[in-house]
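Everything below concerns the one structure shown next.
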Amino acid sequence: MMYSHLFKSLPASSAAFASVLAGAVAASKSERSDANETVVSAGGWSKLTQCHHKSKDVVGMLHDLDERLENIERTLGASSSCSSTAATTSAAPPKNKYHNDSVGKSKTLPGIDVVLGSQWGDEGKGKLVDILSQEYDVCARVAGGSNAGHTIVVEGKKYKFHLLPSGVLNEKATCVLGNGVVIHLPSFLNELDGLKHQGIDAENRILLSDRAHLVFDFHQEVDGISEHRLGRNKIGTTKKGIGPAYASKISRNGIRIGDLENFDFFEMRFRELADYQMRSHPGLEIDVEGQLEYYRSIAKRVTAMTTDTIEYTNEQYDMGKKILIEGANATMLDIDFGTYPYVTSSNPSIGSVLTGLGVSPKKIHGIYGTTKAYCTRVGEGPFPTELEREEPGSIGEHLGVVGAEWGTTTGRARRVGWLDIPQMKYSTLINGFTAVNLTKLDVLTGLEEIKIGRAYKHNGKILNTMPSSLKTMSELEVLYETLPGWTEDISKARNFEDLPVNAQRYVLRVQELLGVPIRWIGCGANRLDMIDRGEGWDLSSEDKE
């Protein structure tokens, strides 16, 4: 709870404290009730179009409650650092920690910030990472492999990333592939060479973890074989060998990047692993000698980029450097928390930052959840708010075509649907987002009405969490809330107030339902087509004061 620091210095046994606190809580409850009535009433939307009013939205209520608690503190004469703050604010209007009117980038302080996907992937994390990375010293990836794809448009030129962090476009940043990433070296080197052909020479700025596991060609073949055997029950993987590589890691017969530094040892381990795979998958043929020749040819180039990234990252943190973590995939594809078994083979949620990079949770600062203004999914698995995409003139076709919803890695058409609030709340609960990056708001332009999946209902009961059972997921009824659309072009909007009123209402309603500030709003395809509402819309900013 963000107000816990206030209670530590207050006399909990005091009758005066109990009385005053009860009044504050009652007032807060009353305001929350009013807020709900405002949201659903016919003419109440205008009250939500500006967050800096004494409004009844989430951010406004947080501010109001903060003021009440500070008043309680002053009334009771609480000591320590909190009372000194109260004394300061008595001489000037209290500062609203959850809102400021500044627009654009704020100064980034030392520490580790994380950008994560909060849906089923493809939310547009790369664009935010590209923008933020201009202020960071280190950009890192911590999980997944070449199954993750990011597309960034810079001055009309498209850059597609699969293994490399999007922050590689910042020529001053060092890019790290942590120990939690699985790396297919042929793909990695091709991506590096392709980027060089586009004018970005990044090889001397890339560091590979010596503990990162390798994906081999035969892992990719095994991936395809496994999908084929599953038939209609296939998972819908990218067939990039990610799952089989993690399986080798867990089976303790995997091979790591650092093993290339001693090629005799690498060769022995490779022959053992290849033999194991061929015995486990009858019909699989591996050109062992050809593969060894290839890895011998690239070993020197790869080992020049290899280091102990655990030591490096923590040293950079201790030196006061700014570190940005770029998540791959998304929370609903997490092997533990996602819609299992239709998930990836790693943990693309907040935990992967610790296990995939080797840093303490105390070093994490901002946690930024990226979500589209609607929802998409590639591959199989449940999708409660899904719309039919193939019907000409349908909303699903609009979202798919206008949003250019085809997979960066696979080229497959993405499934599309309305924004799913229960799923987003679940993702927020797991990751602890301090701010939200809402992307592709412009794709909703032109729709007469826009729906939000507000709640799940099963067997007549509202669910309070995401069900783990696929059967339950298939039986869900989604309760929707309908908002008016807009037709105005928003691609040139750079301030929240530049958005049409109905677009503002949509953003504020999503923010209210999630209970997390929406700081960034994507309003077009290009690099700079984004609104940054400022640090005041980031709950982590209270730690910077």
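Note that these values count all heavy atoms, side chains included, but never hydrogens, waters or copies made by symmetry. Please read these numbers as outputs of a predicted model, since none were measured by experiment. Sequence positions, counted from 1, serve as the residue numbers for this chain.
Counting only heavy atoms from C-beta outward, the side chains of Y368 and T434 approach each other to under 4.5 Å. Side-chain atoms of T307 and T309, non-hydrogen and from C-beta on, do get closer than 4.5 Å to each other. Inter-residue side-chain proximity for E315 and K321 is flagged as unmet; no heavy-atom pair is nearer than 4.5 Å. The closest side-chain heavy-atom distance from L470 to P341 is below 4.5 Å. Side-chain atoms of M530 and L128, non-hydrogen and from C-beta on, do get closer than 4.5 Å to each other. Counting only heavy atoms from C-beta outward, the side chains of Q277 and I286 approach each other to under 4.5 Å. Residues Y136 and D113 form a side-chain contact, since some pair of their non-hydrogen atoms from C-beta on lies under 4.5 Å apart. Looking at heavy atoms from C-beta onward, T174 lies out of side-chain contact with D137 at the 4.5 angstrom threshold.
Taking 4.0 Å as the cut-off between side-chain N and carboxylate O, D193 and R301 count as a salt-bridged pair. A salt bridge links R519 to D532: one of the charged nitrogens lies within less than 4.0 Å of a carboxylate oxygen. Using a 4.0 Å cut-off between charged side-chain N and carboxylate O, D275 and R279 make a salt bridge. Using a cut-off of 4.0 Å between Lys/Arg side-chain N and Asp/Glu carboxylate O, R412 and E405 are scored as not salt-bridged. Ion pairing between D122 and R414 holds under the 4.0 Å rule for side-chain N and carboxylate O. Using a cutoff of 4.0 Å between basic side-chain nitrogens and carboxylate oxygens, E123 and K440 are not scored as salt-bridged.
Across all their heavy atoms, G358 and N179 have their closest contact at N-OD1, 4.1 Å. Of all non-hydrogen atoms in P384 and Y456, the two that sit nearest each other are CG-OH, 3.5 Å. The minimum heavy-atom distance linking C139 with S133 is given by the pair SG-CB, 3.6 Å. Across V215 and A245, no two heavy atoms sit closer than the pair CG2-CB, 3.6 Å. Considering every non-hydrogen atom in both L177 and P165, the closest pair reads CD2-CD, 3.9 Å. When all heavy atoms of V343 and M332 are compared, the closest pair comes out as CG1-O, 4.0 Å.
Using modelled atom types, no side-chain atom of E386 and backbone atom of T376 make a donor-acceptor pair closer than 3.5 Å. Put simply, the side chain of D259 never gets that close to the backbone of I255: no donor and acceptor are under 3.5 Å apart. Side-chain N or O atoms of N170 include one that pairs as donor or acceptor with a backbone N or O of K172 at under 3.5 Å. Proximity of a side-chain donor or acceptor of D223 to a complementary backbone N or O of G241 within less than 3.5 Å is detected. Using modelled atom types, one side-chain atom of S469 and one backbone atom of K471 make a donor-acceptor pair closer than 3.5 Å. A donor-acceptor contact shorter than 3.5 Å is absent between the side chain of N526 and the backbone of D529. With hydrogens and angles ignored, the 3.5 Å screen pairs no side-chain donor or acceptor of R296 with any backbone N or O of A299. Listed for the Y317 side chain is no donor-acceptor partner under 3.5 Å among the backbone atoms of I323. Remark: side-chain polar atoms of Q198 are not paired, donor with acceptor, to backbone N or O of I200 under 3.5 angstrom. With hydrogens and angles disregarded, a donor-acceptor distance shorter than 3.5 Å links the side chain of N314 to the backbone of I310.
A donor and an acceptor atom, one from each side chain of D334 and S349, are located under 3.5 Å apart. Side chains of S540 and D538: a donor-acceptor N/O pair is present below 3.5 angstrom, by distance only. Side-chain contact check for H458 and E475: at least one donor-acceptor pair (N or O, by modelled atom type) lies under 3.5 Å. Side chains of K125 and N437: a donor-acceptor N/O pair is absent below 3.5 angstrom, by distance only. Side-chain polar atoms of D420 and T385 form no donor-acceptor pair below 3.5 angstrom. Residues R211 and T306 bring no donor and acceptor atom of their side chains to less than 3.5 Å of each other. Counting only N and O atoms by type, the side chains of S248 and H213 include no donor and acceptor under 3.5 Å apart. If you check the side chains of E261 and T303, you find no donor sitting under 3.5 Å from an acceptor. Side-chain contact, T331 with N431: a donor N or O sits under 3.5 Å from an acceptor N or O.
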*Between F266 and L292, is a side chain to side chain contact (heavy atoms under 4.5 Å, CB included) present by the stated rule, with each step listed?*
CA-CA 9 Å; F266 175 87; L292 285 172; 4.2 Å; yes
*What do the steps show when you test R271 against E289 for salt bridge (charged side-chain N to carboxylate O under 4.0 Å, His left out), and what is the final call?*
CA-CA 9 Å; R271 290 183 184 278; E289 302 306 324; 2.9 Å; yes
*Start with the C-alpha distance between I112 and I325, add both sets of side-chain angles, then the distance that settles side chain to side chain contact (heavy atoms under 4.5 Å, CB included), and finish with yes or no.*
CA-CA 7 Å; I112 298 176; I325 309 299; 3.7 Å; yes
*asked:* Could you walk me through whether E171 and R205 satisfy the salt bridge (charged side-chain N to carboxylate O under 4.0 Å, His left out) test, starting with their C-alpha distance in whole Å, then the side-chain angles of each, then the deciding distance to 0.1 Å, before giving a yes or no?
replied: CA-CA 8 Å; E171 297 181 356; R205 297 188 286 108; over 6 Å; no
*List the steps, then state whether side chain to side chain contact (heavy atoms under 4.5 Å, CB included) holds for V416 with F383.*
CA-CA 9 Å; V416 299; F383 189 168; 5.6 Å; no
*Output, in order, the C-alpha distance, side-chain angles, deciding distance and verdict of side chain to side chain contact (heavy atoms under 4.5 Å, CB included) for I395 and W418.*
CA-CA 10 Å; I395 293 174; W418 295 118; 3.6 Å; yes
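Taking a 6.0 Å sphere around NZ of K451, one finds it holds 12 or fewer heavy atoms contributed by other residues, nucleotides or ligands. Within a 6.0 Å sphere centred on OH of Y340, other residues, nucleotides and ligands contribute 12 heavy atoms or fewer. Around OH of Y276, the count of heavy atoms belonging to other residues, nucleotides or ligands within 6.0 Å does not exceed 12.
Here CZ of R141 is found 11.5 Å from CZ of F161. Values are rounded to the nearest 0.5 Å. In this structure, L164 CG and E191 CD are separated by 4.0 Å, a value rounded to the nearest 0.5 Å. Distance check: T439 OG1 to K372 NZ gives 6.5 Å after rounding to the nearest 0.5 Å. With values rounded to the nearest 0.5 angstrom, C175 atom SG is found 12.5 Å from L163 atom CG. Remark: Y246 OH to I242 CD1 distance equals 7.0 Å, nearest 0.5 Å. The distance from atom CD1 of I350 to atom OG of S427, rounded to the nearest 0.5 Å, is 10.5 Å.
Because its NZ or CZ atom is not both nearer than 6.0 Å to the ring centre of W406 and within 45° of the ring axis, R415 does not count as a cation-pi partner of that residue.
Aromatic ring orientation, Y295 versus F216: perpendicular (interplanar angle above 60°, classes split at 30° and 60°).
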